[in-house]
Colleague: 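Got a structure for you, written out below as structure tokens; questions coming shortly.
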Amino acid sequence: EREASEYDLYRMEIRVDTKNNDLTCVQQVEWTNRTGAEAGEAVFRMYPNALTHGSDSPVANLDKVFPNGADTLGIEISRVLVGGAAVTWTLDGKLGTTLRVPFEEPLQDGASAEITISWSLRLPKGFYPLSYSATGIQAAWFYPVSAVFTEGKWALTDVAQSGAYPWYYPAADYEAVIRVVGDEYSLCSTGKAENVSKQGEETVYSVSASAARDFAFCVTGHEKSATQTTQSGVSILARAQYNDRSRDLAGTAAKLVAFYEGYLGPFPGEELELVQTTLIGGTSVHAGLIMVDTALFSGKQAELDAQIAFAVARQWLGCSVGAGFADDRDLLIPMAQFMAYLYLDQTNSASADTALALPGAKTMKDLRTSIGTSRFDPALLSLCTERAGKKCAAEDFAALCGDSEAEVRRALGR
């Protein structure tokens with residue numbers, strides 16, 4: 001029996017069809033009412049549905065990202081059960097991204113319900129964290145995820161308003177079984193693979209993750225891999241096209257984790273996996289998983305250094321702490337950019353200037369200089385400790401800075 005948790009639990013049985021590039025899933029959620037009142041329904045967000053709207057899809061450079069168009073029907077639901085009984089679910093929202101699951105009787109605050117959603121998703125061909133390409137399948141933001149209830153209402157910001165990426169993703173616990181047909185692919189994912197087995201033509205991965213902001217995976221054709229283990233016991237795995245790339249990725253990530261733990265506290269997980277993919281952009285960061293665009297390896301070394309340093313810092317500042325785009329934009333992305341600069345300034349000054357040119361890095365650097373490391377650094381560590389798995393905002397960091405709170409609020413536009 002599972003111990004009581006402050007997080008919802010997602011149990012997902014996922015089958016990956018690498019020939020037709022689609023996913024099928026039976027998703028069971030132990031959903032807890034945290035609204036502070038009776039709830040007549042549970043609300044989920046479905047990001048893939050936002051890609052079904054052609055030129056209105058919230059993707060920058062749509063024609064480059066999806067040269068053949070975002071050819072998907074979004075998440076297709078076959079049935080929804082609450083406590084084992086079928087219910088009539090509904091979709092709404094500008095892009096059909098909000099799933100509402102009704103309860104037969106109002107659910108009391110603090111009470112839980114078992115919700116089962118059976119669904120399928122045809123992946124679009126393209127260069128995106130949710131797509132397939134010649135190297136395999138990238139599956140991020142691919143499943144119905146519980147909406148966040150905040151300030152007395154559901155946070156249902158339209159995806160286009162949030163800068164093209166998903167809105168609010170609360171931390172949750174995951175137990176996933178992922179079935180992949182074919183021996184030519186390997187799996188990289190959020191969380192830890194507890195067991196890997198063969199069942200006929202399928203490779204079956206049993207994966208678990210705790211307090212992860214989102215769950216993502218890659219089914220990759222890259223065979224070259226390298227592993228490192230940090231002194232604190234974090235396992236690092238990298239997969240790439242060439243041996244030297246995988247070794248460099250794993251080695252760099254291990255050094256970054258060790259450096260950041262001195263400022264941000266223990267790494268928020270047991271494993272970190274990095275995989276070379278084909279994207280439009282630098283990196284796509286998810287809890288325990290970093291997708292690295294192939295183009296970074298043929299560009300300037302300083303850009304690669306800055307992007308990887310930023311992506312690893314995001315494991316704390318965004319994947320563990322925080323639950324929404326506004327958190328990221330105002331505090332967490334700038335803070336992760338500054339941490340990338342801080343690391344490179346002490347290890348590779350040639351790349352530090354590239355990191356400092358990132359929009360938020362200089363703001364945080366100047367703030368740290370202004371209020372002093374004796375206030376800034378403990379506040380940052382407290383942020384990662386106290387807000388792990390929770391929404392946070394610039395105001396939360398400012399409050400942790402004690403006598404410097406007013407100065408921090410001014411610097412962060414608060």
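Just so you know, residue 1 is the first one in the sequence shown, and it goes up from there. For the numbers below, each heavy atom of this structure counts, side chains included, while hydrogens, waters and symmetry mates do not. Keep in mind that what you see is a predicted model, and the values were worked out from it rather than measured.
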Colleague: Output the distance between atom CG (Leu332) and atom CD (Gln337), rounded to the nearest 0.5 Å.
Modeller: 11.0 Å

Colleague: Hey, are Arg179 and Gln199 close enough side-chain-wise for a donor-acceptor pair under 3.5 Å?
Modeller: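 There is such a pair between these side chains.
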
Colleague: Identify whether the distance between the nearest side-chain nitrogen and carboxylate oxygen of Glu30 and Arg11 falls below 4.0 Å.
Modeller: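 Yes, Glu30 and Arg11 are salt-bridged.
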
Colleague: Look at atom CD of Glu201 and say whether more than 12 heavy atoms of other residues, nucleotides or ligands are closer to it than 6.0 Å.
Modeller: no

Colleague: Between the side chain of Trp316 and the main-chain N/O of Pro266, is any donor-acceptor distance below 3.5 Å?
Modeller: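 Side chain of Trp316 to backbone of Pro266: a pair is present.
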
Colleague: For Ala309, is there any backbone N or O sitting under 3.5 Å from a side-chain donor or acceptor partner on Tyr260?
Modeller: yes

Colleague: Compute whether any side-chain donor of one residue and acceptor of the other, for Thr354 and Glu303, lie under 3.5 angstrom apart.
Modeller: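 No, no side-chain donor-acceptor pair sits under 3.5 Å.
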
Colleague: Between Glu202 and Arg15, is the closest basic N to carboxylate O distance under 4.0 Å?
Modeller: yes

Colleague: Check whether the side chains of Ser112 and Thr32 place a donor and an acceptor atom closer than 3.5 Å, and report yes or no.
Modeller: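 The criterion, which ignores hydrogens and geometry beyond distance, is satisfied for Thr32 and Ser112.
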
Colleague: Looking at every heavy atom in both Ala253 and Ile236, which two are closest together, and how far apart are they?
Modeller: CB-CG2, 3.8 Å

Colleague: Does atom CD of Gln231 have more than 12 heavy-atom neighbours from other groups under 6.0 Å away?
Modeller: no

Colleague: Could you check whether Phe338 and Phe376 have their ring centres less than 6.0 Å apart?
Modeller: yes

Colleague: So Trp119 and Phe142, would you call those rings parallel, tilted or perpendicular, with 30° and 60° as cut-offs?
Modeller: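 Answer is tilted, since the angle falls between 30° and 60°.
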
Colleague: Backbone N or O of Leu279 within a donor-acceptor pair of the Asp293 side chain at under 3.5 Å?
Modeller: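 Confirmed, Asp293 side chain pairs with Leu279 backbone.
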
Colleague: What closest approach, in Å, do Tyr174 and Leu9 show between heavy atoms, and which atom pair accounts for it?
Modeller: N-CD1, 4.1 Å

Colleague: More than 12 heavy atoms of other residues, nucleotides or ligands under 6.0 Å from CD of Glu270: yes or no?
Modeller: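 It does not: Glu270 CD has 12 such atoms or fewer within range.
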
Colleague: Please find the pair of heavy atoms, one from Ala39 and one from Trp31, that lie closest to each other, and give the distance.
Modeller: CB-CH2, 4.4 Å

Colleague: Working to the nearest 0.5 Å, report the span between CG of Asp17 and OG of Ser120.
Modeller: 11.0 Å

Colleague: Has Asp403 got more than 12 heavy atoms of other residues, nucleotides or ligands less than 6.0 Å from its CG?
Modeller: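 Not more than 12 within 6.0 Å, no.
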
Colleague: Please check this pair: side chain of Asp330 against backbone of Ala394, looking for a donor-acceptor N/O pair closer than 3.5 Å.
Modeller: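 Side chain of Asp330 to backbone of Ala394, a donor-acceptor pair under 3.5 Å: no, none is there.
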
Colleague: Any donor-acceptor pair under 3.5 Å linking the side chain of Thr220 with the backbone of His222?
Modeller: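 Yes, Thr220 side chain to His222 backbone: donor-acceptor pair under 3.5 Å.
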
Colleague: State whether the side chain of Arg387 and the backbone N or O of Lys390 hold a donor-acceptor pair below 3.5 Å, judged by distance alone.
Modeller: no

Colleague: Rounded to the nearest 0.5 Å, how far apart are CG of Asp173 and OH of Tyr10?
Modeller: 10.5 Å

Colleague: Between Asp22 and Leu121, is there a donor-acceptor pair closer than 3.5 Å when you use the side chain of the first and the backbone of the second?
Modeller: no

Colleague: Does the pair Lys192/Glu271 count as a salt bridge with the N-to-O cut at 4.0 Å?
Modeller: no

Colleague: Surrounding NZ of Lys198 (heavy atoms of other residues, nucleotides or ligands, distance under 6.0 Å), is the total greater than 12?
Modeller: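 Buried by this count: over 12 neighbours within 6.0 Å.
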
Colleague: State whether the number of non-hydrogen atoms from other residues, nucleotides or ligands found under 6.0 Å of Glu184 atom CD is greater than 12.
Modeller: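 Enclosed: over 12 neighbouring heavy atoms sit under 6.0 Å from CD of Glu184.
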
Colleague: Where does the angle between the aromatic ring planes of Tyr128 and Trp141 fall among parallel (under 30°), tilted (30 to 60°) and perpendicular (over 60°)?
Modeller: perpendicular

Colleague: Distance alone, cut at 3.5 Å: any donor-acceptor contact between the side chains of Asp305 and Ser351?
Modeller: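 Yes, because at least one side-chain N or O of Asp305 sits under 3.5 Å from a partner of the opposite role on Ser351.
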
Colleague: Using a 3.5 Å distance criterion without hydrogens, assess whether the side chain of Thr190 forms a donor-acceptor pair with backbone atoms of Ala216.
Modeller: yes

Colleague: Taking Phe215's backbone N and O only, do any of them form a donor-acceptor pair with His286's side chain (distance below 3.5 Å, no angle check)?
Modeller: no

Colleague: Check this for me: does any side-chain nitrogen of one of Arg368 and Asp377 sit under 4.0 Å from a carboxylate oxygen of the other?
Modeller: yes

Colleague: Measure from the side-chain N and O atoms of Asn49 to the backbone N and O of Gly74, and report whether any donor-acceptor pair falls under 3.5 Å.
Modeller: no

Colleague: Looking only at side-chain N and O atoms, does Gln241 offer a donor or acceptor that is under 3.5 Å from a partner on Thr294?
Modeller: no

Colleague: Between atom CZ of Phe217 and atom CE of Met12, what is the distance when rounded to the nearest 0.5 Å?
Modeller: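 It is 8.5 Å, given to the nearest 0.5 Å.
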
Colleague: Would you call Asp396-Lys391 a salt bridge at under 4.0 Å N-O?
Modeller: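 A salt bridge is absent here (no side-chain N lies under 4.0 Å from a carboxylate O).
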
Colleague: What I want to find out is whether Lys125 reaches Asp71 closely enough, with some N-O distance under 4.0 Å, to be called a salt bridge.
Modeller: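 Not counted as a salt bridge, because no side-chain N and carboxylate O are separated by less than 4.0 Å.
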
Colleague: Could you walk me through whether Val292 and Phe297 pass side chain to side chain contact (heavy atoms under 4.5 Å, CB included), step by step?
Modeller: CA-CA 9 Å; Val292 184; Phe297 296 104; 3.9 Å; yes

